[in-house]
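Read through the structure below, which is laid out as structure tokens, and then see the notes.
Just so you know, these numbers use all the heavy atoms, side chains as well, and skip hydrogens, waters and symmetry mates. Quantities reported herein were computed from a predicted structural model and do not represent experimental measurements. Counting convention: from 1, in listed order, for ligands and their atoms alike. This chain uses plain numbering: 1 for the first residue, then up along the sequence.
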Amino acid sequence: MKRMLSGIKPSGQLTLGNYIGALREFVKYQEDYEMIVFIANLHTLTVYQDPKELSKNLKDTIALYLACGLDPKRSTIFMQSDVMAHAQLGFILSCNTYMGELNRMTQYKDKLSKGEESMTSGFYVYPTLMAADILIYDPDFVPVGEDQKQHVELTRDVAIRFNNRYGESFKIPTPLIPKVGSRIMSLSDPTKKMSKSDEADKGCIYLLDKPEVARKKIMSAVTDLVGVVQFDPINQAGISNLLTIHSALSKVSIPDLVKQFEGQGYGNFKKAVADEVVKLLSDLQSKYEVILSQHILEEVLESGAKKARIMADAKLKLVEQKIGLTIDQ
Ligand code: ATP
Ligand code: LTN
């Protein structure tokens, strides 16, 4: 069975973008792959987090993972900081990554161009920790949204370099980008990604939003003056985004939706999108409440970390031997 790995950074409440672009895909993948899914809590520290809020986000994230259908019996689910080998391999890999490579990372360049003054060094080297998260488990595939593809490409480059220098150590992973929904856009500014770290709350649907709040957000989503429901991301970014959301949730293809809403105004179409979103949120939230009431989260995380440590510690040991960090050469 091929192995697949991915992580979610719990730097805020999970969004509809995370669900469509990532979580929903993971649940499907566990049918056919050995899935390793972790909560990248160390990655959140690259920007300041309020400790209480972070802790709550971690709890909600893991509960929502389970509510979405990730099954701890089939998949390895754990918290990144519970497996210490990630951080240790992260440092080793940062010593095999050039600053020129990190300077080319889009997320870094974006922050730099915005004149961000409080950029931490952790943020700068974060792609090398991500490379460690991946390479330490030898996965075949890494499913990520479009925005993370560049990081998986860097991971491949670093792995190839390391293998050439020190001998075969890591499997070279392939990024997997979902076709529909790899980039759900903000409802208030459809030229930007729907993002949980975005301040504009209106543009983002959180999985724990009250259904009626989510409905309002969809109904007030930015559209255009064209007045025709059609897929044209350049000229009708808002409507195209809503089509993507509807299609991802209802599984009706975009061309079929366009036919279905031909000659109808945006109001009717938005209502249909809102119905799909409300259906999803109501279902997820009732499962989430049940999971919280069962008090199983710690047990799930500990048993996941136990499985993960066995794989990660073995890989770290091999790497340490290869680079001469041990005295048994
Ligand atoms: P941030 O919103 O803080 O920039 P993020 O949501 O991109 O962070 P993660 O939570 O780590 O970061 O993302 C988890 C997965 O969800 C990643 O694979 C990411 O690409 C995907 N994802 C996040 N936002 C969207 C979106 N708007 N559309 C599709 N996929 C998304
Ligand atoms: N960097 C990712 C989260 C992440 C991840 C990973 C994804 C951390 N480690 C390993 C896939 C594989 C993000 O910000 N979305």
Side-chain angles (χ1 to χ4, degrees), residues 3-26 29 35-47 49 54 57-58 60-62 64-65 68 78-81 83 86-87 89-90 93 105-108 110-111 122-123 125-156 158 173-201 203-207 241 244-245 248-249 308 312:
R3 183 177 287 175
M4 203 174 254
L5 169 138
S6 201
I8 284 199
K9 190 172 56 165
S11 50
Q13 288 285 317
L14 287 176
T15 70
L16 185 66
N18 293 137
Y19 176 77
I20 295 176
L23 273 170
R24 188 181 68 133
E25 300 296 311
F26 300 169
Y29 290 141
M35 273 304 278
I36 300 177
V37 184
F38 66 94
I39 297 180
N41 57 350
L42 289 174
H43 283 259
T44 65
L45 302 178
T46 54
V47 291
Q49 304 287 325
L54 174 57
N57 286 338
L58 293 181
D60 284 347
T61 304
I62 176 75
L64 279 168
Y65 264 40
C68 289
F78 65 97
M79 197 75 85
Q80 183 185 30
S81 63
V83 182
H86 285 229
L89 182 62
L93 295 183
M105 292 294 109
T106 314
Q107 282 188 345
Y108 167 71
D110 279 356
K111 271 206 197 234
F123 182 85
V125 292
Y126 134 105
T128 59
L129 178 58
M130 178 159 165
D133 296 337
I134 297 171
L135 298 177
I136 208 160
Y137 298 105
D138 280 333
D140 297 282
F141 300 108
V142 181
V144 283
E146 189 64 49
D147 59 312
Q148 293 297 321
K149 192 170 164 217
Q150 194 189 25
H151 291 145
V152 183
E153 278 159 2
L154 176 74
T155 301
R156 290 167 57 90
V158 172
T174 304
L176 265 195
I177 315 290
K179 281 187 210 76
V180 176
S182 69
R183 207 167 152 81
I184 300 297
M185 310 308 275
S186 161
L187 299 173
S188 51
D189 179 357
T191 60
K192 286 203 327 223
K193 185 182 90 144
M194 181 183 283
S195 166
K196 55 175 134 70
S197 20
D198 202 346
E199 255 118 69
D201 210 40
C204 181
I205 298 217
Y206 297 98
L207 296 182
N241 188 37
T244 304
I245 293 173
L249 299 184

Would you find a donor on one side and an acceptor on the other, under 3.5 Å apart, between the side chain of [X] and the backbone of [Y]?
X	Y	value
Asn241	Met185	yes
Asn18	Thr15	yes
Glu25	Pro143	no
Arg24	Ala248	yes
Gln13	Tyr206	no
Gln80	Asp133	no
Tyr19	Leu14	no

Tell me which protein heavy atom sits closest to [atom], plus the residue, atom name and distance to 0.1 Å.
atom	result
atom 2 (C) of ligand 2	Gln148 OE1, 3.4 Å
atom 5 (C) of ligand 2	Gly7 O, 3.7 Å
atom 9 (N) of ligand 2	Asp133 OD2, 2.7 Å
atom 1 (N) of ligand 2	Tyr126 OH, 2.7 Å

Start with the C-alpha gap between Arg183 and Asp147, add the side-chain angles, then the distance that decides, and say whether salt bridge (charged side-chain N to carboxylate O under 4.0 Å, His left out) holds.
CA-CA 8 Å; Arg183 207 167 152 81; Asp147 59 312; 5.4 Å; no
Below 4.0 angstrom from a heavy atom of [X], which ligand 1 atoms are there? Numbered from 1 as shown, please.
X	result
Ala22	15 (C), 16 (O)
Ser195	1 (P), 2 (O), 3 (O), 4 (O)
Ser11	3 (O)
Lys9	9 (P), 10 (O), 11 (O)
Ile8	10 (O), 11 (O), 14 (C)
Asp147	7 (O), 19 (C), 20 (O)
Gly21	29 (C), 30 (N)

Walk me through whether Thr106 and Gln150 qualify under side-chain hydrogen bond (donor to acceptor under 3.5 Å, both in side chains).
CA-CA 8 Å; Thr106 314; Gln150 194 189 25; 2.8 Å; yes
Does [X] reach ligand 1 with a nitrogen or oxygen that is under 3.5 Å from one of the ligand's nitrogen or oxygen atoms?
X	answer
Glu146	no
Lys193	yes
Met194	yes
Gly17	yes

Taking atom NZ of Lys111 as the centre, report whether more than 12 heavy atoms of other residues, nucleotides or ligands fall under 6.0 Å from it.
yes
Can you check which of Thr61, Val144, Asn18, Leu16 brings a heavy atom nearest to atom 13 (O) of ligand 1?
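Looking at heavy atoms only, the winner is Asn18.
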Among Ile184, Leu23, Val142, closest by any non-hydrogen atom to atom 28 (N) of ligand 1:
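That would be Ile184.
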Are [X] and [Y] side-chain neighbours, meaning at least one heavy-atom pair lies under 4.5 Å?
X	Y	value
Val142	Leu176	no
Met130	Gln148	yes
Ile20	Leu249	yes
Ile36	Pro139	no

Between CZ on residue Arg3 and CZ on residue Phe141, distance to nearest 0.5 Å
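It is 13.5 Å, given to the nearest 0.5 Å.
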Distance filter under 4.0 Å to [X] heavy atoms, resulting ligand 2 atoms:
X	result
Ile134	10 (C), 12 (C)
Lys9	14 (O)
Ala40	8 (C)

Region of [X] engaging ligand 2 - heavy atom pairs below 4.0 Å:
X	result
Val152	neither
Tyr137	neither
Val144	side chain

With a cutoff of 4.0 Å, is His151 in contact with ligand 2, counting heavy atoms of the residue only?
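For ligand 2, residue contact (heavy atoms, under 4.0 Å) with His151 is absent.
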Is it true that Ile20 lies under 4.0 Å from ligand 1, counting heavy atoms only?
no
Just let me know how Arg183 lines up against ligand 1, side chain, backbone, both or neither, with a heavy-atom cut-off below 4.0 Å.
backbone
Give yes if a backbone or side-chain nitrogen or oxygen of Asp147 is under 3.5 Å from a nitrogen or oxygen of ligand 2, and no if not.
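No; the residue has no nitrogen or oxygen that sits under 3.5 Å from a nitrogen or oxygen of the ligand.
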Please confirm whether the ring centroid of His86 lies under 6.0 Å from the ring centroid of Tyr137.
yes
